[in-house]
Visitor: 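I'd like to ask you about the structure that follows.
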Amino acid sequence: MTPPSVSTIDGNEAVARVAYRLSDVIALYPITPATPMGEWSDAWASAGARNLWGTVPAVVEMQSEGGAAGAIHGALQTGALATTFTASQGLLLMLPNLVKIAGELTPFVLHVAARSLAAQGLSIFGDHSDVMAARGTGFAMLCAASVQEAQDFALIAHAATLEARIPFLHFFDGFRTSHEIAKIALLPDEVVRAMIDEERVREHRARALSPDHPVLRGTAQNPDVYFQARETVNPFYAAGPGIVQRAMDRFAGMTGREYRLFEYHGAPDAERVIVLMGSGCEAAHETVDALVVRNEKVGVLKVRLYRPFDVEAFSAALPKTVQSIAVLDRAKEPGSAGEPLYLDCVSALHEWGRGEVRVVGGRYGLSSKEFTPAMVKAVFGNLAQAQPRRHFTIGICDDVGGTSLDYDPSFSVEAADVFRAAFYGLGSDGTVGANKDTIKIIGEETENFAQGYFVYDSKKAGSVTVSHLRFGPRPIRATYLVSQAQFVGCHQPFFLERFDVLERAAPGAIFLLNTPFPPVRVWERIPEPAQRAIRDKRLKFFVIDASAVARTCGMGGRINTVMQVCFFSVSGVLPHDESIAAIKNSIRKTYAKKGAPIVQMNLEAVDQALAHLHQVAVPAQIGSEVELRPAVPDEAPVFVREVLGPMIAGHGDELPVSALPCDGTYPTGTSRWEKRNLAVEVPVWDADICIQCAKCVIVCPHAVIRAKAYDAAVLTGAPTTFKTTDARLPEWKGMQFTLQIAVEDCTGCGICVDVCPVRNKREARLKAINMQPQPPLRESERANWDFFLAIPDMDRRLIHTDHVRQQQVQRPLFEFSGACAGCGETPYLKLLTQLFGDRLLVANATGCSSIYGGNLPTTPWSQDAVGRGPAWSNSLFEDNAEFGLGFRVSLDKQAEFARELLHLLAPQLGEANCAQILDARQSDEAEIFDQRERVAELKHRLSKIESDDARRLLAVADTLVRKSVWVVGGDGWAYDIGYGGLDHVLASGANVKVLVLDTEVYSNTGGQCSKSTPRAAVAKFASGGKHGGKKDLGLMAMTYGHVYVASVAMGAKDEHTLRAFLEAESYNGPSLIIAYSHCIAHGINLTTAMQNQQAAVRSGQWLLYRHDPRRAARGENPLQLDSAAPRMKVQEYLQLENRFRMLEQSNPDEAGALFELAQQDADTRWALYQYLAARPGLSARELPAENKP
Amino acid sequence: MNLATSYLGLNLRTPLVPSASPLSEDLDNLRRMEDAGASAIVMHSLFEEQIRHESQTLHHHLTHGADSFAEALSYFPEAEEFHFRPDRYVQHLAKAKEALGIPVIASLNCTSFGSWTTFAREFQQAGADAIELNIYSIPTDPELTAEEIETSYLTIVASVKAQVNIPIAVKLSPFFTNFAHFAGRVVENGADGLVLFNRFYQPDIDLESLTISPTILLSTPIAMRLPMRWIAILHGRLNASLAATSGIHRGSDALKMLMAGADVTMLCSVLLRRGIGHLAEIEREMREWMAAHDYESVEQLKGSLSQRNCPDSAAFERAQYMRALAIERSIQT
């Protein structure tokens, strides 16, 4: 056997490399953490890579996981070898098809990066909740515990399914395995080919549907035979485990890697055994090794083939000496007698006559919660008890149910010859990329094994990354984070002020800090806790001004290469010269395709880094100039201080069960307490030249620029640096005006400066708002911000909302989100909350907006001065329109009930008062205000009436005040997965407002193509450029006639956007606003992104229009085309954005053809809309009474 | 009548050569130029700045936001390879060579010495008959000396020359302390010809937006006076071809340049303004004038009014127009 070639890859790539080679048809739909498997497949197909049989697989993106499963089902039925990839809710959407595929005994492998299910909250992280929900489908379930196994089991599953005819669900832990980078032995084509029985492939094809030998499959069966027919498959399931084991044995013969259906590891005479599956097996394995050395009679049984569950093989795999077993489930099934694996084990032991073995069940590792040797040891400890705790949890503190086992976190089994390193970086500084490269260098150019695992932030702007790397002479089984690192790299100096970077440093470790301060000055510039850690742990302390070196080399903020060189230089993991040569070699390989200038600047950075690296002599004394601030201020509400605060500080793992809401309900208005101080530079207002147009306010994606007009009297006690000037609007004559910036919440995107129309007459480079360094402004502007907030908001009844400059003084109730700096979606949401926030309910589809809007710890959805504000919820990705419709129907029904009760109670409440409430129009702020007053009075009166009806009315009285229901989501939802529901809701005529934040791509999962993606754009799943045109969602909605539809682009015409929002909300029927939202996935400079919006409109690539059924009712043409005729070529616009430009670089000929078609698209669209808008109005239509002219 | 001339050792049917412009980005335009009588073509320029910018922009956008957020570790698919501007340029060059029967001169536009000069070799491999090296920089650093600037130019010329064995022409600006001396050093460092002069992009101010406006100014016939003077001065003094560019809009303009000593006359603005077909009109005007004035060939008139051969050689040295002198001359004649 020749030694296999090795590579350092992650689990997703390892699996995709096998699945791709063994498939004719691959159906895709993005879902974290399985998305990369689809991305690899699409990229390979686009590059013309062939499968095992020499043909390029057909890769098709579908509109949902349900669609992918349907397409796969069809492909299988017609004889293709097919595969797909999914996770979590995506797997749930596939379930109906999976049952069918299994029921029809169809060979197929579904690869799942197992992930939590959305319950009290969504989680993208790993556990077995999803796959456990699929255990009744009839699929075989094969579980891999490591990257190597994920690759190997992918092949074993593909081989076994052909013989067994049972479809396979091959799964591995999301993130821990799917995203872990490890050195593995790759499977060469010869092995893959040898594992596949071509005769079985022919048999599969022979069973295909064909009019040449027609059959009927998918009948409807009656009570007489369904049951019997269901039992026909039993022999296949009985044979399944044997087939899998034989496949494993064949595989072992070719690769030397042996696997068993149930694999026992530990003392042959073990008395205590842990049973589990997935990556936790690895941690248990190495812990058992450590305990057995101490003569503990323990072992671990790794479950590989979970379905069909081979009772005999399970029982046979257990040592005869075993007395007690802990079955660990990485899932929770509330209300059950136990979690699924536990129940299977109990049942198996009883059936196999080993009922004397004591079995306890426990839960661990939900949502990628750490599972460490310390926890494994605690589980063994529990088994040693006379009365071990049943249905325990491990890894958390359950102070409510008392289920949790205590454990000693200091227990470690890490071997001395394994090098461990932790790196703290920013997403934007390239730390993760450098570490992936380091793993590759060490893993592929030395005998060492290597492992990398990366922890990311829940924020998109200024996100922190922590890289955990291990290198050692043996395969690394540590499936948990590094805790005792011999090397800690802190790539941004301010991290030391925000969290305990040195917590993971082992005594005597090396600490490398990127700092602008020279070695002689750096000590007093680091906080005291860090100084103590360095001194007390006797760390070797090195510094470099990596940011300066990177800037010198033209690399901007990307310090990756500089820090990588320093790591190799001071860590000693490789001989110095060897490591530098390896880095340079890697740079040439990695960057060659991006062009010589990139290679050159990185090579220069290598040499420069070494020249600027210094060791610091650690002083004995402690004393720092840096003052640490608490994660949240003392004046924050209790819940924020005690629950959200620890999450912000990175100590969420330490929160007990009792700290958390039991139903997933959290307070709003919490982002204001999380001062992130991300911006290097922030906008500064020049009151003297500002024309108070408020354009900077409306575009600010993070709501950090606020405008207020107020009475001069409130300025008493203003900080000396607080800026104010005379209000310029005639309506505000005599008032003062302030534009205030929240510098601690600003991300420094600079969009505000870009849109400012004013130039300083003496120095034209300056505008009325200009970027300046943040640190010198931080203290003064913090005080100014607090003072500004205390100025009363203008009475909403007095604000004319039909012009941006006045409307923008409305308080935003969406602020300081975790969205990307310069996000194109959030300005629309902010506007929505300014206009209607105090009566707003939002149904938010899963996606970017649900993440920056609802990802813990804090939320940007906020409240006004009296505590009103948007009520927000996320149901799923696919059902959002229906979810919102549910809001509407519910509110309307309750309002109707309230009105009925009001009629009943009118004699007691006063007929006139009730009539006023019942007849209120509530068409503007003043009328809504009055209705609120009336309802408040009503509730006061009701509280004094002792009757059931009064109490009932009290419970629903608030629904008498008008509510605005908005359904919000991205184009992935509106155009693809949720389109069916959206269409239904629009058709229903219900008073539901829909805001589509159209980024023309699945932004949240990293830029996959949607049906909104324009022709010629390069996106994931459309690597070769999208061939089809963009779906015209607005036109489709207009065909109903009764739907208000607007297409807007704030950067092109903000007043138009404002008008559309006002009109949409005022229409008593369904409204759809499609909002062009620039996005990081467009490959543009987000600072000037509003100019891209302008270019999109100027070129006719994006149209501005409003379609208002009320106009049709008046006999006018309902469509108003608000764009001017295109004034630039589409190609000029396309070349502004990397998503299009990239096609010119990857496939110039294709780009030329598609760009031409894109121009035709724009021309055709313009001609059509011009025609539609120019038609005379038709006869008046019937509209809801409220909308009649 | 024989309009043939020799430039960079290339024998050309006429001295009319379209210079580097966006027109040559389109293969059909190149064919139309040949059809209209172009004797050779200088391709549009491959800009060092663009090479750098394109590479850095792509790198920036492929890495911006990457490895930051668990659900989106990147925002673009990995392409197998990228065809940067040099690749596309070389492909276009090869297609042009295949499509045309006249010499094709590749154009490389650079501001500094760098590894990108190796692209010259790829031009040669793609079939370029010669390379025009367009060196320019606006020295805004007050610390930079004239000697440093000139040395950097010469380094670039020598480095490109070292890459290829086809002729290279160097397109220069007139802004050197002693242009004639510098021109000689450029030739010593490997230039087979000089193209006079490069017209820099000259920004304008937009009064409404208070911004610098990037409008492009096309040349007018008046622009030909400067190169004409220096061609007249250099003619016969350098062992190199001379190409005249700037302001050549009519047959008479071309004739003047040839008489001053140019081997070829290059056309850009006039073709952008009046269309490629205007080339034939210029040739017709030349032929008519030469016929009317009994000239048999371009070789016959080439350099006939250079500083060496003209009746008043001091006229090319005079820096200011002197009315008195002009009157005196008119009396004498």
Side-chain angles (χ1 to χ4, degrees), chain A residues 32-33 35-36 39 42-43 46-47 124-125 175 179 426-428 430-433 436 454-460 463 465 554 556 558 591 593-598 600 759 761 764 820 851 1003-1007 1018-1023 1080-1081 1083-1084 1138-1139 1141-1142 1144-1148, chain B residues 25-27 46-92 95 110 112-119 122 205-213:
Chain A
T32 307
T35 312
E39 291 172 357
D42 173 64
S46 180
I124 60 168
F125 295 102
F175 282 103
H179 283 59
L426 281 178
S428 56
T431 296
V432 169
K436 286 178 178 173
F454 307 94
V455 177
Y456 301 94
D457 210 328
S458 60
K459 310 282 189 198
K460 298 184 184 219
S463 67
T465 64
R558 292 188 75 80
Y591 297 118
K593 71 177 177 184
K594 291 181 179 171
I598 307 301
Q600 199 52 44
R759 287 202 179 267
K761 288 188 169 51
C820 298
I851 297 302
S1003 302
N1004 192 52
T1005 46
V1018 173
K1020 290 173 180 168
F1021 297 174
S1023 303
I1080 193 169
I1084 57 173
N1138 192 54
R1139 55 178 170 155
R1141 212 169 40 223
M1142 200 174 149
E1144 282 191 313
Q1145 290 157 339
S1146 59
N1147 192 344
Chain B
E25 290 174 11
D26 185 340
L27 205 56
L46 177 65
F47 286 84
E48 177 200 344
E49 281 175 322
Q50 281 178 323
I51 298 168
R52 213 174 272 280
H53 177 74
E54 186 181 27
S55 186
Q56 286 177 341
T57 304
L58 178 74
H59 177 62
H60 170 75
H61 289 306
L62 292 184
T63 51
H64 185 51
D67 288 325
S68 298
F69 181 65
E71 297 209 65
L73 298 181
S74 66
Y75 286 98
F76 288 100
E78 277 287 324
E80 285 285 299
E81 59 174 340
F82 293 108
H83 302 277
F84 286 114
R85 212 166 280 267
D87 296 340
R88 301 200 296 274
Y89 189 92
V90 166
Q91 285 168 11
H92 186 58
K95 283 182 190 166
C110 49
S112 64
F113 174 70
S115 58
W116 54 269
T117 52
T118 54
F119 295 131
E122 294 181 30
I205 285 174
D206 183 326
L207 283 177
E208 290 308 313
S209 65
L210 298 185
T211 54
I212 304 303
S213 162

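All heavy atoms count here, side chains included; hydrogens, waters and symmetry mates do not. Because the structure is a prediction, the values reported are computed rather than measured. Lettering follows sequence order; numbering is per chain, from 1.
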Visitor: By a 4.5 Å heavy-atom criterion (distance strictly below it), what part of Ser1003(A) contacts chain B: side chain, backbone, both, or neither?
Guide: backbone
Visitor: Using non-hydrogen atoms and a 4.5 Å limit, figure out which bit of Arg558(A) sits close to chain B: side chain, backbone, both or neither.
Guide: side chain
Visitor: Using a cut-off of under 4.5 Å on heavy-atom pairs, state which of Pro86(B), Ala72(B), Pro77(B), Ala79(B) scores highest against chain A.
Guide: Pro77(B)
Visitor: What part of Lys436(A) is in contact with chain B, defined as an atom under 4.5 angstrom from a non-hydrogen atom: side chain, backbone, both or neither?
Guide: side chain
Visitor: Would you call Leu73(B) and His179(A) a side-chain contact if the rule is heavy atoms closer than 4.5 Å?
Guide: yes
Visitor: When you measure from the side chain of Arg1139(A) to the backbone N and O of Ala1019(A), does any donor-acceptor pair fall under 3.5 Å?
Guide: no
Visitor: Would you mind telling me which of Gly1083(A), Gly595(A), Ser463(A), Ser1023(A) has the largest number of heavy-atom pairs within less than 4.5 Å of chain B?
Guide: Gly1083(A)
Visitor: Classify the angle between the aromatic ring planes of His64(B) and His60(B) as parallel (below 30°), tilted (30 to 60°) or perpendicular (above 60°).
Guide: parallel
Visitor: Please flag which part of Glu78(B) lies under 4.5 Å from any non-hydrogen atom of chain A: side chain, backbone, both or neither.
Guide: both
Visitor: Once salt bridge (charged side-chain N to carboxylate O under 4.0 Å, His left out) is applied, do any residues pair with Glu39(A), and if so which ones, sequence neighbours excluded?
Guide: Lys1020(A)
Visitor: So what's closer than 4.5 Å to chain B heavy atoms on Ala43(A): side chain, backbone, both or neither?
Guide: side chain
Visitor: Distance from Lys593(A) atom NZ to Ile598(A) atom CD1, nearest 0.5 Å?
Guide: 13.0 Å
Visitor: With chain B as the partner, which of Gly1007(A), Pro1148(A), Ser428(A), Ala764(A) has the greatest number of non-hydrogen pairs under 4.5 Å?
Guide: Pro1148(A)
Visitor: Are any non-hydrogen side-chain atoms of Met1142(A) and His61(B) less than 4.5 angstrom apart?
Guide: no
Visitor: Would you mind telling me which of Asp87(B), Leu62(B), Thr63(B) has the largest number of heavy-atom pairs within less than 4.5 Å of chain A?
Guide: Thr63(B)
Visitor: Go through the atoms of Ile124(A) and report whether side chain, backbone, both or neither lie under 4.5 Å from a heavy atom of chain B.
Guide: side chain
Visitor: Among residues at least two apart in sequence or on other chains, which ones pass ring pair (Phe, Tyr, Trp, His ring centres under 6.0 Å) with His92(B)?
Guide: His44(B)
Visitor: So, taking the atom named CD1 in Ile51(B) and the one named CD in Gln56(B), what distance separates them when rounded to the nearest 0.5 Å?
Guide: 12.0 Å
Visitor: Given the options Tyr591(A), Phe1021(A), Phe125(A), which has more heavy-atom pairs under 4.5 Å with chain B than any of the others?
Guide: Tyr591(A)
Visitor: If we define contacts as heavy-atom pairs under 4.5 Å, which of Thr35(A), Thr1005(A), Thr465(A) has the most with chain B?
Guide: Thr1005(A)
Visitor: Less than 4.5 Å to any heavy atom of chain B: does that hold for the side chain of Phe454(A), its backbone, both, or neither?
Guide: neither
Visitor: Which bit of Thr431(A) is near chain B, if near means a heavy-atom gap under 4.5 Å: side chain, backbone, both or neither?
Guide: neither
Visitor: Using heavy-atom distances under 4.5 Å, tell me whether Ile851(A) contacts chain B through its side chain, its backbone, both, or neither.
Guide: side chain
Visitor: Does the side chain of Phe119(B) reach to within under 4.5 Å of the side chain of Val90(B), using non-hydrogen atoms?
Guide: no
Visitor: Looking at every non-hydrogen atom in both residues, tell me the closest pair between Leu58(B) and Asn1138(A) and how far apart they are.
Guide: CD1-OD1, 3.7 Å
